[in-house]
There are 2 protein chains.
Amino acid sequence: MDQIASKTGAYLKKLAAAGTGLENCPVRVVLAPLGSKWSPLVLQLLSERPYRFSELRRLVPDISQRMITQTLRDLERDGYVQREVLPTKPPSVTYSLTPMGHSLFDSYRHLLQWADANHDAVLAARAEFEGNQAS
Amino acid sequence: MDQIASKTGAYLKKLAAAGTGLENCPVRVVLAPLGSKWSPLVLQLLSERPYRFSELRRLVPDISQRMITQTLRDLERDGYVQREVLPTKPPSVTYSLTPMGHSLFDSYRHLLQWADANHDAVLAARAEFEGNQAS
DNA sequence: CTGGATCCTCTATGATACTG
DNA sequence: CAGTATCATAGAGGATCCAG
């Protein structure tokens, strides 16, 4: 495992220092929840303004009730999202990004923009790859 | 679905324009492969210098033979990684980042650095969240 | 050395029904 | 409205064996 420390950057060095393996990798700990199916979309939406639970559901019709709840819980758990229950009747709940959530999204945004800008190039690469496979 | 276009940014607008749903979301198309378990690590390693297959395996002991192959294939497929077979005996294969791969990693790096810098804050948020749950 | 082929397990996600 | 609980399933990932 020390080979990792000697061959790569700070992230992997900390990884090696963690001892057992990759489970404690600081990068992975933070990134793993963002790799879920709906987190990017929810973060994107909340980066604009707070939304209520039902608003988010309507904005993302494909998401199931179960998964939006879980996604929001995960984001809240990691400190990216703040949940506020308004004492109306029936109750309404708004979700908004915390300062850390906004900070995260500021970094995440670079990747989203890259993805948007290079979408076609990636699709082209895939098409060519498939073509070479066929030959 | 038009509500999405009216309420959110360019990414979701394109998403809506795609028609059927979220499967064609340009951001998701590009990001999904990066959310895999080993892609970030492999990209990180290859961003430093090219590596041979067996080198990568040794650097990341936890990865299975099957998964490193698949990860490299996926990255190659999307145009991030170039595979070169050297006519030695026995054959050796080197993997390196393409220009697009380096471009991707330049954007990805922001997120990695954020993750590294905010690792403790996220863990603290999780601990507090768990604590509140218990009460 | 580099991988392909198989089998198996576990987790993420989805569908559905129920509640304050 | 905003969830929780339960059941079902597809796909990611791991272990192992085989081959050019």
Side-chain angles (χ1 to χ4, degrees), chain A residues 20-23 25 28-29 31-42 45-46 50-78 81-96 129 132-134, chain B residues 20-23 25 28-29 31-42 45-46 50-78 81-96 129 132-134:
Chain A
T20 42
L22 299 169
E23 310 78 34
C25 172
R28 180 170 292 181
V29 163
L31 255 49
L34 302 181
S36 79
K37 189 169 179 181
W38 302 106
S39 303
L41 209 42
V42 172
L45 288 168
L46 293 181
Y51 279 105
R52 288 184 43 194
F53 184 88
S54 53
E55 288 179 310
L56 291 173
R57 282 208 63 193
R58 261 178 285 117
L59 289 172
V60 191
D62 292 7
I63 197 173
S64 69
Q65 204 171 35
R66 184 181 179 283
M67 286 316 295
I68 192 173
T69 298
Q70 180 174 318
T71 301
L72 288 168
R73 285 288 173 284
D74 289 344
L75 294 175
E76 184 191 1
R77 177 187 128 107
D78 284 5
V81 162
Q82 181 178 11
R83 178 174 178 269
E84 277 180 301
V85 182
L86 304 179
T88 58
K89 177 182 177 305
S92 59
V93 180
T94 62
Y95 292 89
S96 55
F129 186 81
N132 292 342
Q133 294 304 78
Chain B
T20 42
L22 300 169
E23 310 78 34
C25 172
R28 180 169 291 179
V29 164
L31 255 47
L34 302 181
S36 79
K37 190 171 179 180
W38 302 106
S39 302
L41 209 41
V42 172
L45 288 168
L46 292 182
Y51 279 104
R52 287 186 42 195
F53 185 87
S54 52
E55 288 180 309
L56 291 173
R57 282 207 63 193
R58 260 178 285 117
L59 288 172
V60 191
D62 292 7
I63 198 173
S64 68
Q65 206 171 36
R66 182 180 178 279
M67 285 316 295
I68 193 172
T69 298
Q70 180 175 316
T71 301
L72 288 167
R73 284 290 172 285
D74 289 343
L75 294 175
E76 184 192 1
R77 177 187 127 109
D78 285 3
V81 162
Q82 182 179 11
R83 178 174 179 269
E84 278 180 301
V85 182
L86 304 179
T88 58
K89 177 179 176 309
S92 59
V93 180
T94 62
Y95 292 90
S96 56
F129 186 81
N132 292 343
Q133 294 305 74

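By convention in this document, chain letters (A, B, ...) are assigned in the order of the sequence lines, proteins followed by strands, and residues within each chain are numbered from 1. Predicted model, so just to flag it, every value in this text is computed and none were measured.
What separates CG of A:Leu86 from P of C:dG20 is a distance of 22 Å, to the nearest Å. In this entry the distance linking CZ of A:Phe53 with P of C:dG20 reads 17 Å, nearest Å. The CD1-C1' distance, from A:Ile68 to C:dT16, rounds to 18 Å in whole Å. Distance A:Gln70 CD to D:dG3 C1': 13 Å, rounded to the nearest Å. Computed from coordinates, the A:Arg57 CZ to D:dT4 P distance equals 13 Å when rounded to whole Å.
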- request: Let me see the working for B:Phe53 and B:Thr69 under side chain to side chain contact (heavy atoms under 4.5 Å, CB included), right down to the final yes or no.
  value: CA-CA 8 Å; B:Phe53 185 87; B:Thr69 298; 3.5 Å; yes

message: Before you tell me yes or no, could you show the steps for B:Leu45 and B:Glu55 under side chain to side chain contact (heavy atoms under 4.5 Å, CB included), namely the whole-Å CA-CA distance, both residues' side-chain angles and the distance that decides it to 0.1 Å?
response: CA-CA 10 Å; B:Leu45 288 168; B:Glu55 288 180 309; over 6 Å; no

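For the pair B:Leu72 and B:Leu56, the minimum side-chain heavy-atom distance is below 4.5 Å. Side-chain contact check for A:Asp62 versus A:Trp38: some heavy-atom pair is nearer than 4.5 Å. Side chains of A:Leu75 and A:Val42 form a contact here, defined as non-hydrogen atoms less than 4.5 Å apart.
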Give me, pair by pair, the N or O atoms of the protein and of nucleotides 18-20 of chain D that are less than 3.5 Å apart, along with how far apart they are.
none

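Side chain of A:Arg83 to backbone of A:Arg73: no donor-acceptor contact under 3.5 angstrom is found.
Within the 4.0 angstrom heavy-atom criterion, only backbone atoms of the sugar-phosphate kind lie near A:Ser36; the bases stay farther away. Heavy atoms of A:Arg83 sit under 4.0 angstrom from primed sugar atoms or phosphate atoms, though from no base atom.
For A:Arg66 and D:dG3, a side-chain-to-base donor-acceptor distance below 3.5 Å is absent, hydrogens and geometry of angles not being considered.
Closest approach to the A:Met67 side chain among C:dG3, D:dG14, C:dG14 is made by C:dG14 (side chain taken as heavy atoms from C-beta onward). Among D:dG13, D:dC1, C:dT13, the nucleotide with an atom closest to any side-chain atom of A:Arg52 is D:dC1. In this structure, the nucleotide among C:dG3, C:dT13, C:dC1 sitting nearest to the side chain of B:Ser54 is C:dC1.
Note on B:Arg73: a side-chain N or O is less than 4.0 Å away from OP1 or OP2 of C:dG3. OP1 or OP2 of C:dG20 has not a single side-chain nitrogen or oxygen of A:Lys89 nearer than 4.0 Å. A sub-4.0 Å separation between OP1 or OP2 of C:dG3 and a side-chain N or O of B:Tyr95 is present. Under 4.0 angstrom from either OP1 or OP2 of C:dG14 there lies at least one side-chain N or O belonging to A:Lys37.
Note that CG of A:Leu31 and CG of B:Leu34 are 9.5 Å apart. Values are rounded to the nearest 0.5 Å.
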